[in-house]
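Contents: one structure, followed by commentary.
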Amino acid sequence: MKVTAIANANIALVKYWGKRDERRILPQNSSISVTTDCLSIKTTVEFSPEYKKDILILDDKEFKQGSKEYDEYFESFLNKLRNLAKKNISLYRHFNNFIRNSYIRNKFVIRRRTWREAPMFVKVVSQSNFPRGAGLASSSAGFAAFAAAANKALGLGFKNKELSILARQGSGSASRSIYDGFVEWKKGERKDGLDSFAEQIVNENYWPDFRMIICLTSKKEKKIKSRTGMAQTVKTSPFYDGWLKTIDDDLKKVRKGIIKRDFSLVGKTAEENCLKMHALMLSTKPPIIYWNSGTIELVHKVIEWRENGLECYFTIDAGPQVKILCLKKDLPEILKRAKKTAGIEDIIVTKPGPGPKIVENHLF
Ligand code: PMV
């Protein structure tokens, strides 16, 4: 069965940087994000006995065995998917009643599909409308779309909670793109990761004035992937304990700020949190420096504009792009100023957006 899903990237306001379990993709800390309305990835998957191997095509380029994308991301996620299907989602066997019931309900569907039809190989074609691997959270949209499409193609019947757990195992931040609006990924405590999933804080219509201006200072693919970078940080940054000690306070403030639509509280806390994450990166050995001169230029400008009465804040992920947080009323003025800033290649304006959806028009 061929299934296509579209999902949007999310941008973290309280970041995830570091895992407690690398294989299961379990984070050291909880995180909060906003799902965007326009950084989209569309993915078509087809499991079929006709395929003699797994095929991965991202933005018109085929990735083969031996590439990082294929081996570390695609194939390892696929193996998890296959195991899930083959073992009748035993992952959920000991979970709560709701999950248990859906396990029992889905067991027969999956059995019929996987054991009899044995859809061993898959073709995945994915198209994004923004640069991948450049610090725009493309993996969050990519794996949310992949998980949503595979869920339907394999007849898993997962609802949001289970889908978030599934997407998390492709890329941590993808657990949050399963929902629209503002979302929190709870780190969980369990070793098996069944309590590590995202939940919505408020939906995409709750705060219609919230805006994010994404300023691209380079469209090049970054040299250090988040996965590699964060593992190195946990191992070597002397500040990692300090990061963990302050996270709960950041989460509390951002959660409260979102619910009260308190822009100053959300913006200030998000900016501080982002700077703490970059301090971790800088103190990693060897250092991880994602910023370029355009990034620094804009960081100074945002602080200057704010000091002069135009309220805005910045956040930056694992890449050089600066995301300016502002309210709708200040958007035209900030846009005008951002466009004049040196080193900006492109600008995308976004607001809280939707979760994944299944669509009919396939990519192949
Ligand atoms: O999900 P990953 O492995 O792409 O890591 C995401 C890391 C950050 O974007 C820097 C932070 C976050 O919480 O999204």
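Read the numbers this way: they start at 1 and go in the same order the structure lists the ligands and their atoms. No hydrogens, no waters, no symmetry mates; every other heavy atom, side chains included, goes into these values.
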What are the atoms of ligand 1, with element, lying closer than 4.0 Å to any heavy atom of [X]?
| X | answer |
| --- | --- |
| A12 | 12 (C), 13 (O), 14 (O) |
| A318 | 10 (C) |
| G172 | 1 (O) |

So is A137 in contact with ligand 1, going by heavy-atom distances below 4.0 Å? no

Would you say the side-chain atoms of [X] and [Y] include a donor-acceptor pair closer than 3.5 Å?
| X | Y | value |
| --- | --- | --- |
| D250 | T269 | no |
| S196 | W185 | yes |
| S177 | N10 | yes |

Within-cut-off N or O pair, [X] and ligand 1, under 3.5 Å:
| X | answer |
| --- | --- |
| S139 | yes |
| S171 | yes |
| S173 | yes |
| W17 | no |

Pick whichever of M230, M281, K225, R227 has a heavy atom sitting closest to atom 5 (O) of ligand 1.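 Among M230, M281, K225, R227, the closest heavy atom to atom 5 (O) of ligand 1 comes from M230.
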
Among V254, L13, V183, I11, exactly one meets side chain to side chain contact (heavy atoms under 4.5 Å, CB included) together with S33. Which residue is that?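 For S33, the side chain to side chain contact (heavy atoms under 4.5 Å, CB included) check succeeds only for V183.
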
Aromatic F210 / basic R261 pairing, under 6.0 angstrom, 45° off normal: no

Pair E272, K276 - check salt bridge (charged side-chain N to carboxylate O under 4.0 Å, His left out), show working. CA-CA 6 Å; E272 285 168 4; K276 276 189 282 185; over 6 Å; no

Does the separation of the ring centres of F63 and F74 fall below 6.0 angstrom? no

